[in-house]
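Being a predicted model, the structure only gives us computed values, none of them experimental.
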Amino acid sequence: VLRSRALAPYDVAISGFEAAYREPVARFTLADTGATALRDRIAALRPDAVVAVGLRAALFAREHFPRTPLVYCVVQDPERYDLGGAWVTGVLTGIPPTVELSMLRTAAPDVRRVAVFYGQATGAVFARAAHEAARELGIELIDAPVADLSELADRAREAVKRADALWMPADPTIAASEPFQFLLKLSLETRKPLFAFSDALVRAGALAAVVPDYAAAGARAAEAVRRIQAGERAGDIPAATVRRARLVLNSATARALGRDVPLAVRRDGEVVP
């Protein structure tokens with residue numbers, strides 16, 4: 001199992017994989033060592049498959065182990081990165097923007113204008129789908145594309161002037177600790193809610209997030225590995241789809257922003273202290 005870096009959704013997926021697989025698993029993190037040393041350590045194990053958790057891990061495995069079955073997990077838009085072919089399968093965890101924005105509106109029913117932050121890796125494909133979903137729901141999206149994290153502060157300060165809320169999706173450029181801390185501080189200063197992409201970020205102070213069932217994704221990855229070990233070719237195993245999601249809301253943040261926790265969230269979502 002190779003993860004891109006330490007990130008809560010990745011760890012939940014790996015735990016789900018290990019619970020379902022129930023066999024010895026060698027864990028590696030991309031950032032822990034140099035590429036050559038990491039490649040050699042994995043190659044020495046002669047693995048039946050590499051389970052890559054996160055985009056960078058999947059691209060590394062595809063480059064360095066092109067003839068080893070690859071099972072990707074927690075990767076946004078795998079088709080965009082050509083993660084397919086005879087040696088590749090995976091698990092899709094993407095939540096359609098319509099579902100995400102609808103659930104976020106449940107968390108903050110008064111929100112009408114949302115500033116959304118994303119990098120070039122997500123780009124036009126995500127923006128187009130998000131705008132279509134927003135129109136259906138009567139929400140105005142304010143785009144804040146970020147080519148480099150050095151642009152985030154200026155983009156965010158400009159966008160927040162016109163927005164009722166900030167949206168930090170699971171984008172490879174934005175989904176990191178430093179951008180989150182900056183957007184969280186901006187959210188609290190302006191008393192405008194921050195929507196994130198994981199329950200860990202909600203517990204860290206974001207108002208709400210729509211969270212895929214990463215543990216279920218890990219379990220589906222374990223199913224794929226077992227099929228590979230039973231003799232199936234990875235490319236013949238269709239990518240599994242995990243669509244289950246839950247809305248998580250931080251009640252302390254809601255109080256700090258002068259908001260109530262909606263009854264619908266108390267009834268159907270998860271409220272953390």
Step by step, work out the side chain to side chain contact (heavy atoms under 4.5 Å, CB included) result for Leu38 and Leu2. CA-CA 10 Å; Leu38 179 59; Leu2 174 65; 4.0 Å; yes
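- Between Val248 and the options Val265, Leu201, Val272, a side chain to side chain contact (heavy atoms under 4.5 Å, CB included) holds for only Val272.
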For residues 104-112, run the donor-acceptor check on the side chains, cut-off 3.5 Å, and write out each pair with its distance to 0.1 Å, sequence neighbours left out.
unit_1 : atom_1 : unit_2 : atom_2 : d
Arg105 : NH1    : Leu137 : O      : 2.5
Arg105 : NH2    : Leu137 : O      : 3.4
Thr106 : OG1    : Ser102 : O      : 3.2
Asp110 : OD1    : Arg259 : NH1    : 2.8
Asp110 : OD1    : Arg259 : NH2    : 3.3
Asp110 : OD2    : Arg259 : NH2    : 3.0
Arg112 : NH1    : Pro109 : O      : 2.9

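- Of all the heavy atoms in Leu194 and Ser187, the pair that sits closest is N-OG, 3.5 Å.
- No side-chain heavy atom of Leu101 sits less than 4.5 Å from a side-chain heavy atom of Phe195.
- Between the side chains of Tyr118 and Asp143, a donor-acceptor pair is found at a separation under 3.5 Å.
- In this structure, Phe28 and Leu45 have side chains that are in contact, with non-hydrogen atoms separated by less than 4.5 Å.
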Does Arg27 form a side chain to side chain contact (heavy atoms under 4.5 Å, CB included) with Ile14? I'd like the steps, not just the answer. CA-CA 9 Å; Arg27 281 196 188 199; Ile14 292 170; 3.3 Å; yes
Stepwise side chain to side chain contact (heavy atoms under 4.5 Å, CB included) check, Val202 with Glu270: CA-CA 11 Å; Val202 174; Glu270 177 183 351; over 6 Å; no
For a side chain to side chain contact (heavy atoms under 4.5 Å, CB included) check, start with the C-alpha distance between Asp40 and Thr36, then their side-chain angles and the critical distance, and finish with the verdict. CA-CA 6 Å; Asp40 293 345; Thr36 301; 3.9 Å; yes
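- Put simply, the side chain of Thr68 reaches to within 4.5 Å of the side chain of Pro47, judged on heavy atoms.
- A single hydrophobic cluster is not seen to contain both Phe60 and Tyr10; linkage of ILVMFWY side chains at heavy-atom distances under 4.5 Å, directly or through other members, places them apart.
- A salt bridge between Arg246 and Asp199 is present, with a side-chain N of the basic residue lying under 4.0 Å from a carboxylate O of the acidic one.
- For the pair Phe17 and Val1, the minimum side-chain heavy-atom distance is below 4.5 Å.
- Between Glu178 and Lys185 there is no salt bridge, since no side-chain nitrogen of the basic residue lies less than 4.0 Å from a carboxylate oxygen of the acidic one.
- With values rounded to the nearest 0.5 angstrom, Thr29 atom OG1 is found 11.5 Å from Arg5 atom CZ.
- For Arg155 and Glu158, the salt-bridge test fails: no basic side-chain N is under 4.0 Å from an acidic carboxylate O.
- From Ile139, atom CD1 reaches atom CD of Glu136 across 10.5 Å, with rounding to the nearest 0.5 Å.
- Between Leu149 and Pro179, the closest heavy-atom pair is CD2-CG, 3.7 Å.
- Classification of Glu223 and Arg227 as a salt-bridged pair fails, no side-chain N sitting under 4.0 Å from a carboxylate O.
- For the pair Arg226 and Glu23, the minimum side-chain heavy-atom distance is below 4.5 Å.
- Pairing each heavy atom of Val225 with each of Ala49, the nearest pair is CG2-CB, 4.4 Å.
- The shortest distance between side-chain heavy atoms of Phe126 and Asp171 does not fall below 4.5 Å.
- Annotation for Phe197 and Met168: closest pair CD2-O, 3.4 Å, computed over non-hydrogen atoms.
- Judged by distance alone, the side chain of Asp77 and the main-chain N or O of Arg80 form no donor-acceptor pair under 3.5 Å.
- If you take CD1 on Ile228 and CG on Asp236, they are separated by 10.5 Å, rounding to the nearest 0.5 Å.
- Nearest approach of Ala57 to Val53, heavy atoms of both residues: CB-O, 3.8 Å.
- The distance from the CG atom of Leu257 to the CG atom of Leu188 is 6.0 Å, given to the nearest 0.5 Å.
- Taken to the nearest 0.5 Å, the CD atom of Glu189 stands 10.0 Å off from the CG atom of Leu184.
- Pairing each heavy atom of Leu247 with each of Val210, the nearest pair is CD1-CG2, 4.2 Å.
- Using a 4.5 Å heavy-atom threshold, the side chains of Leu141 and Trp167 count as touching.
- Summarising the geometry, atom CG belonging to Leu70 is positioned 6.5 Å from atom CG belonging to Leu83; distances are rounded to the nearest 0.5 Å.
- Within the 4.5 Å cutoff, the side chain of Glu100 has no heavy atoms near those of the Pro96 side chain.
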